[in-house]
Every structure is written in C-alpha cells, then in structure tokens.
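Before any comments, here is the structure.
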Amino acid sequence: MANGGFDPHPHTGPQFGHSFEAQIPTPESVHGVSPYPPIADYGFLSDGEVSALVAPSGNIEWLCLPRFDSPSVFGSILDRSAGNFRLGPADVNVPSHRRYLPGTNVLETSWGTGDGWIIVRDVLLIGPWHHERDRSGTHRRAPTDYDADHVLLRMVRCVHGEVQLTLDCKPVFDYGRVPAQWDYTGDAYHEGLATAPGVDLQLRLNTDMNLGFEGPRTTARTMLKEGDVRFVALSWSEHAAPQHYDEAHDRLVWTAHHWQNWLARGTFPDHPWRSYLERSALTLKGLTYAPTGALVAAATTSLPETPGGERNWDYRFSWIRDSTFTLWGLYTLGFDWEANDFFYFIADVAAGEDDLQIMYGVAGEKELTEEVLDHLHGYEGAAPVRIGNGAYNQRQHDVWGAVLDSFYLHTKSRDGMPEEIWPILKQQVTAALEHWRETDHGIWEVRGKPQHFTSSKVMCWVALDRGARLARLREDHELAAQWQVVADEIHADICENAIDERGVFTQHYETDALDASCLLLPLLRFLPPNDPRVRSTVLAIADELTEDGLVLRYRVEETDDGMSGEEGSFTICSFWLVSALVEIGELRRARELCERLLGFASSLQLYAEEIDPRSGRHLGNFPQAFTHLALINAVMHVIRAEQENTAPRDKTTSPRANP
C-alpha cells in the first residue's frame, strides 16, 4: 500500500512480518511470568481528546474518559482487575503481525490460528466538526473541520479459513473502584449500556455480534469464515456510534484519511529515518488535547521508571518546559497550526497575576493534587500508583526561560509577535530577574533539598537574553539594555560557579556531579559549540554519565532526589547527546548513537520515557512526548549536518537545528 493512500479492505491472505510479537511470546501467554505485556508492546490510539493503549493480545488496557487525565474505565495496565476490553481469536494471545495503517493512528493486528486468519483494526474515530448549531464547551482554539467522535471502533475481517472470535468487555469506572452494570437498550442482543451508581459517565456498546452479560462483563463469541466481517463500537457521549458494518467502515476510512491528510501537510526529509519523524509527529498530534492545544507529557500514569520501584508519576499533564522543543519540532516539520495552538495555550496559562507553574492540566487547571491509589497493584507490582502530580507547586526556575524561548521562536517563525503577548512576556522576564539568585528543585523536579541548579540558572539567562532580543525587535532599546545587563550577570555567575576544575559544567553550584541537562547549553546557545567548556562538558557526559552508551539524567548516588532505587537511562537525554555531539562537530559519533537509539524503538516506532541500557526494555510512561520531541531534534540535527557536509561549497544549505 502506498504511504499516501488507504486500502479500505485488508489484504486477502495472511500477512507475514518480522515483528517482535511474531518472534517472542508476550508474558500474557506464558505461564509463570508477569501477566503484564512489556511497555513497548502497547499500541497507541488517539482522537485528540482521549487515548487508548492496546496490548498485543488485542486487550485494551488503558482508556480514560472523557479526557486524557480523567479516571480510567479500562485500567488493567496498572492492575489486572481494573478493567479491560479484548477482541481477538479464542485461545490465541500472540498475534502474527501488528502495524499502523501508513500515515495514520489506526492500528492493524493480524492473527493466524490453526484454522484461519483474521485482521483486526482499532481506531478512535474522528469525524466532521460537530458544533454547527451550538458552541463547544471545551474548545478554546479556533475550530477546525474535524472533531473527536467519542467512539472506540474495532473492526474484524476473516481473510482465510475460519476463526472463533471472542469479545470480552469489562469496564471498571474510577480507576478500577466502581464495577459497571450492563443492560440491553435495543430490541435484540446488539446494544448494551454500562452504568454505575454515582458515576455520570455511561458507556454504550454497539455490535453486529450477539452480546451477553455476565455480571460486570459483556461477552460475545462467533465463528467467522472467509469473507465474514464484524464490528464493535464503544461510545461515551451524545455523538452516535456506527450502527452497522458499512457505516463503521466508512467512518474508519474517514478517520484514516484525516490522519493521512494531516501528515501530508508536514515537511519531511527524503531520508531513511523519515518514518521515525512521521511516527513521532503522529504521536505528538495524538498527545495533543485538541480543544486547548495542550500537549500532555504521556498518555499514562505510574508506569515505573524502575521495575517494581517507587518512581511512578502521573504524566497526563502539560509541562511548560516542553514548550521550546514542542514549537521547534512542530515548526521544523511544517505543522504551524499545531505550533500556534500550543503557543496560545502557553500564553493562556502564563497570563494573569499568579506565578507561572511548571505544569498545568490540559484545560489549564492549576491544582493537580497528588493522590495515591492504594487499591491498585501497579504495573508488575510497582507501587505506589499516583494520580495528580505533587510537583505542580514546586519552584522551578526553568519555566520563565522556556516561555521566553517559545515566544522568541514563535516571533521568528511568524515574523511578528501579537501585541497582547508583550505584557505576558514582560511579566515572565521580571519573575526570572527577581528569582534567579534563589535555589529551586531543578529540571528533574527532585524532591530533595533545593539547589542552585545549573540548568535552572541557564534558563533564567535564556529568559533575560530572549527578552532583550524581543525588546530590541520592538525597538524598546532602553528595556533591552536593562535586561541584557542582567543576562550578562547571570551568564558570568554560571561560568564562575558551575564549572569544575576540568572545565566541565556540573549539576549545581555545590557539586562536581554531572547532569544530562547541561547538554542543552549548546542547543540554547549559552556558549558557542566550539567553546572548550562546552566540548568538555558534552564529552564528559558521553563518557562518564552513560550506561552501555545510553545517557542517565544523573547518578542517583550523587544526587539528593528524595527517592530510593535506581532508574534507567532517560531516552530524551540520549537524543540530547546526539544533538550536542553534532553541535561540537562529532558527527560520526552522533550518527552512530542516533542509529542505536532508533533501533530501540518499539515495533510500532514508539518510545517510553526510559530504556534499560542492558536489556533494551522500555520503562516509564508511554508513549512519551518529550522523547519523541527530542528524537525530532536529534534526527534533524544529523540530517542537516550531513547535508551541509555533502552540499557543494558554493551553495547555501539549511542551518543546523536550533534550539
């Protein structure tokens, strides 16, 4: 199938592929080991308002409704009794192949049994704009031509022989605390309604299979023969779900074409790594809450950074520090509308008199109170399971620089800055000016003693430096001069206090420990890439802060982060190292590391937050937006540097990626 087209019908014969699932049985099917699939084995679905994770077995194990950060209705990724929705062949849990339909977030799973083959397609439907005669209560950005349908659709076709198909749907509301009650709502056995006392949300299941209810579970079983088709649609709002297979097929095609048309607006290099950029773009779009433009850090909560450990956090919120890389990545790939929406989400939360927080809810909520869910077992027993994030009210000084760098990048990309943004900008520069001498909890949100973290000081410098540049663009030269004086003072303070005897930038002023956040120094143009201190820092991190070549955030034994246990390598830091190596001229080493990191992608080209350097196992929340943003930056750094090296000397080539 061509990348730009969509085949409305699956292939007419069995599909064979070199997938991870085809070679190694998942834990679900192996007696005596973990019942949880590896984190990297999940497929990711999204409609721009909610997301779902699909295990290789065909089990939907994570779905929160009606928003990314709402309570789960399927939560078996965190506890095997917290709700699930499986559709697949009876007695077979390991598929033969999985892929996304090219250019889409439509997941296709091929199953081979002893008697036949079926193909299942899963999608969160998107359709035409719904609010033609009323106004949306959630949308704050300009309306588009499309909208989430609030329908999870699963379609099946038997392509060879015969296969016994089973459906098993057991929603448990409120993070596995409230079981559902099922009732028939139609004249026959094709529609059921799931409700629960004290829960406003209702789930409606439509299918051309015959449903039966067993307590909180709805089940169905049917024998499919070659050419037979079935559909199942789960909906949760006033928007109608498909009522028959042909309608379901048409709406799946509409959604697939929507994703392909959206991707076609982007600008991607003609390069072997193009598919990683495209999948990252689709994933970032899927992690964007369409009504406000907010980008959530990940689709999940409490997937452990350490197997069985306590480093389990809720990432279903929008972090301010992601803003610079988000805007750079979206602008670089040609998605100006999405960049603009995220920019105005940042402008919304930065407005007003309150201090800027490090993170917000997807609609700009400020209070993200952390709560422990003791009733949940946790992924592979990793406890506690947390919802909310207690770091939301931490003092972190990098937020002002992130906002100012975003404003500066937006202004350069759009050839101007909206007048209403200037007061917000001045407010953030003033905050950085007032607080830069103070300690904070740093980019990694450590829960230990506040320190004079180098990365925080650098981001305060970014706030004053970018503020001065923007003031000059407005021809406010007096204010620009005032801010530049402070920027120079911060710069000098960092260079005096954050460098060890080797000429290497350290984690904070009171230590010689290394920190991967210092890889951002050349990307933020704190110093020129050819400065010996920058080169020494990048190479020291590459040689001393890595495990099997992958970068750690810091050494846990050298950092008071308020937690116990180890953690894996942070994939974003390894991609930062790729970009930094390119900056200092180590292109061969950068390319080799980038190739290795791309090789760690899941079979669906997705990334969690961390990778275990020894096993290659993905750890932490999934899929992780910041990892995919750093991938875009790193890949584009390598590609553009290679273009510069191969271009004729008398021709102008594209500048290196910046930030």
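Any value given below was found using the heavy atoms of this structure, including those in side chains, with hydrogens, waters and symmetry copies removed.
Ion pair Arg525/Glu583 flagged as a salt bridge, since at least one NZ, NE, NH1 or NH2 atom sits closer than 4.0 Å to an Asp/Glu carboxylate oxygen. With salt bridges taken as basic N to acidic carboxylate O contacts below 4.0 Å, one links Arg589 and Asp543. Between Glu338 and Arg265 a salt bridge is recorded (basic side-chain N to carboxylate O distance below 4.0 Å).
Annotation: ring-ring contact (aromatic ring centres under 6.0 Å, His included) contacts of Phe575 (sequence neighbours excluded): Tyr607. Not a single salt bridge (Lys or Arg N to Asp or Glu O under 4.0 Å) links Asp515 to another residue, sequence neighbours left out. Partners of Trp461 according to the ring-ring contact (aromatic ring centres under 6.0 Å, His included) rule, which considers only residues two or more places apart in sequence or in another chain, are His491, Phe526. By the ring-ring contact (aromatic ring centres under 6.0 Å, His included) test, Phe626 pairs with Phe325, sequence neighbours left out. For Ser574, the side chain to side chain contact (heavy atoms under 4.5 Å, CB included) criterion is met by Leu550, Val551, Leu597, not counting sequence neighbours. Residues passing the salt bridge (Lys or Arg N to Asp or Glu O under 4.0 Å) test with Glu305, sequence neighbours excluded: none. Every residue two or more places apart in sequence or in another chain that forms a salt bridge (Lys or Arg N to Asp or Glu O under 4.0 Å) with Asp500 is listed here: Arg502. Qualifying side chain to side chain contact (heavy atoms under 4.5 Å, CB included) partners for Thr109, counting only residues two or more places apart in sequence or in other chains: Pro95, Arg98, Leu107, Trp111. By the ring-ring contact (aromatic ring centres under 6.0 Å, His included) test, Phe335 pairs with Trp262, sequence neighbours left out. Residues passing the salt bridge (Lys or Arg N to Asp or Glu O under 4.0 Å) test with Arg533 are Asp531, sequence neighbours excluded.
Side-chain N or O atoms of Gln451 include none that pairs as donor or acceptor with a backbone N or O of Phe453 at under 3.5 Å. Side chain of Thr288 to backbone of Leu284: a donor-acceptor contact under 3.5 angstrom is found. His508 contributes no side-chain N or O that, together with a main-chain N or O of Pro450, makes up a donor-acceptor pair within less than 3.5 Å. Asn621 places no side-chain N or O within donor-acceptor distance of the main-chain N or O of Ala298, the cut-off being under 3.5 Å. The closest donor-acceptor contact from the side chain of Ser46 to the backbone of Gly48 lies under 3.5 Å. Within the 3.5 Å criterion, the main-chain N or O of Phe505 finds a donor-acceptor partner in the side chain of Thr537. Side chain of Ser455 to backbone of Cys518: no donor-acceptor contact under 3.5 angstrom is found. With hydrogens and angles disregarded, no donor-acceptor distance shorter than 3.5 Å links the side chain of Gln605 to the backbone of Ser280. Judged by distance alone, the side chain of Thr301 and the main-chain N or O of Arg386 form a donor-acceptor pair under 3.5 Å. At least one donor-acceptor pair closer than 3.5 Å links the side chain of Arg321 to the backbone N or O of Ile443.
With a 6.0 Å cutoff to the six-membered ring centre and a 45° limit on the axis angle, Arg553 counts as a cation-pi contact of Phe570.
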Given Leu581 and Ile584, is the side-chain contact (heavy atoms from CB on, under 4.5 Å) satisfied, shown in steps?
CA-CA 5 Å; Leu581 287 170; Ile584 66 172; 4.3 Å; yes

Using the rule given for salt bridge (Lys or Arg N to Asp or Glu O under 4.0 Å), can you reason through Glu592 versus Arg596, listing the C-alpha separation, both sets of side-chain angles and the distance that settles it, and then say yes or no?
CA-CA 6 Å; Glu592 289 176 353; Arg596 186 175 179 216; over 6 Å; no

Begin with the C-alpha distance, continue with both residues' side-chain angles, and end with the deciding distance and a verdict on side-chain contact (heavy atoms from CB on, under 4.5 Å) for Asp41 and Leu604.
CA-CA 8 Å; Asp41 281 8; Leu604 296 171; over 6 Å; no

Derivation of the side-chain hydrogen bond (donor to acceptor under 3.5 Å, both in side chains) call for Gln624 and Thr571:
CA-CA 10 Å; Gln624 174 80 5; Thr571 313; over 6 Å; no

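Nearest heavy atoms, Trp576 versus Ser517: CZ3-CA, 3.9 Å. When every heavy atom of Trp328 is checked against every heavy atom of Asn633, the shortest pair comes out as CZ3-CA, 3.5 Å. In plain terms, the two heavy atoms of Asp465 and Ala487 that are nearest each other are N-CB, 3.9 Å. When every heavy atom of Ala630 is checked against every heavy atom of Ile572, the shortest pair comes out as CB-CG1, 3.5 Å. Scanning both residues, Gly620 and Ala608, for their nearest heavy atoms gives O-CB, 3.8 Å. Across all non-hydrogen atoms, the minimal contact from Thr506 to Asp512 is CG2-CA, 3.7 Å.
For Asp336 and Asn340, the side-chain atoms include no donor-acceptor pair closer than 3.5 Å. When only modelled atom types and interatomic distance are considered, Arg640 and Asn645 share no side-chain donor-acceptor pair under 3.5 Å. Between the side chains of Tyr42 and Glu61, a donor-acceptor pair is found at a separation under 3.5 Å.
In this structure, Leu295 CG and His628 NE2 are separated by 11.0 Å, a value rounded to the nearest 0.5 Å. Note that CZ of Arg316 is 11.0 Å distant from CZ of Phe68, once rounded to the nearest 0.5 Å. From Leu368, atom CG reaches atom CG of Asp69 across 8.5 Å, with rounding to the nearest 0.5 Å. The distance from atom CZ of Phe342 to atom CG of Leu330, rounded to the nearest 0.5 Å, is 8.5 Å.
For an aromatic pair to be called close, the ring centres must be under 6.0 Å apart, and Phe407 with Phe343 satisfies this.
Counting heavy atoms from C-beta outward, Asn312 and Pro384 have side chains that approach closer than 4.5 Å. Side-chain atoms of Trp62 and Leu78, non-hydrogen and from C-beta on, do get closer than 4.5 Å to each other.
Residue pairs meeting the salt bridge (charged side-chain N to carboxylate O under 4.0 Å, His left out) criterion with at least one partner in residues 616-638, sequence neighbours excluded, are Glu380-Arg617. The salt bridge (charged side-chain N to carboxylate O under 4.0 Å, His left out) contacts involving residues 449-462 comprise nothing, where partners must be two or more places apart or lie in separate chains.
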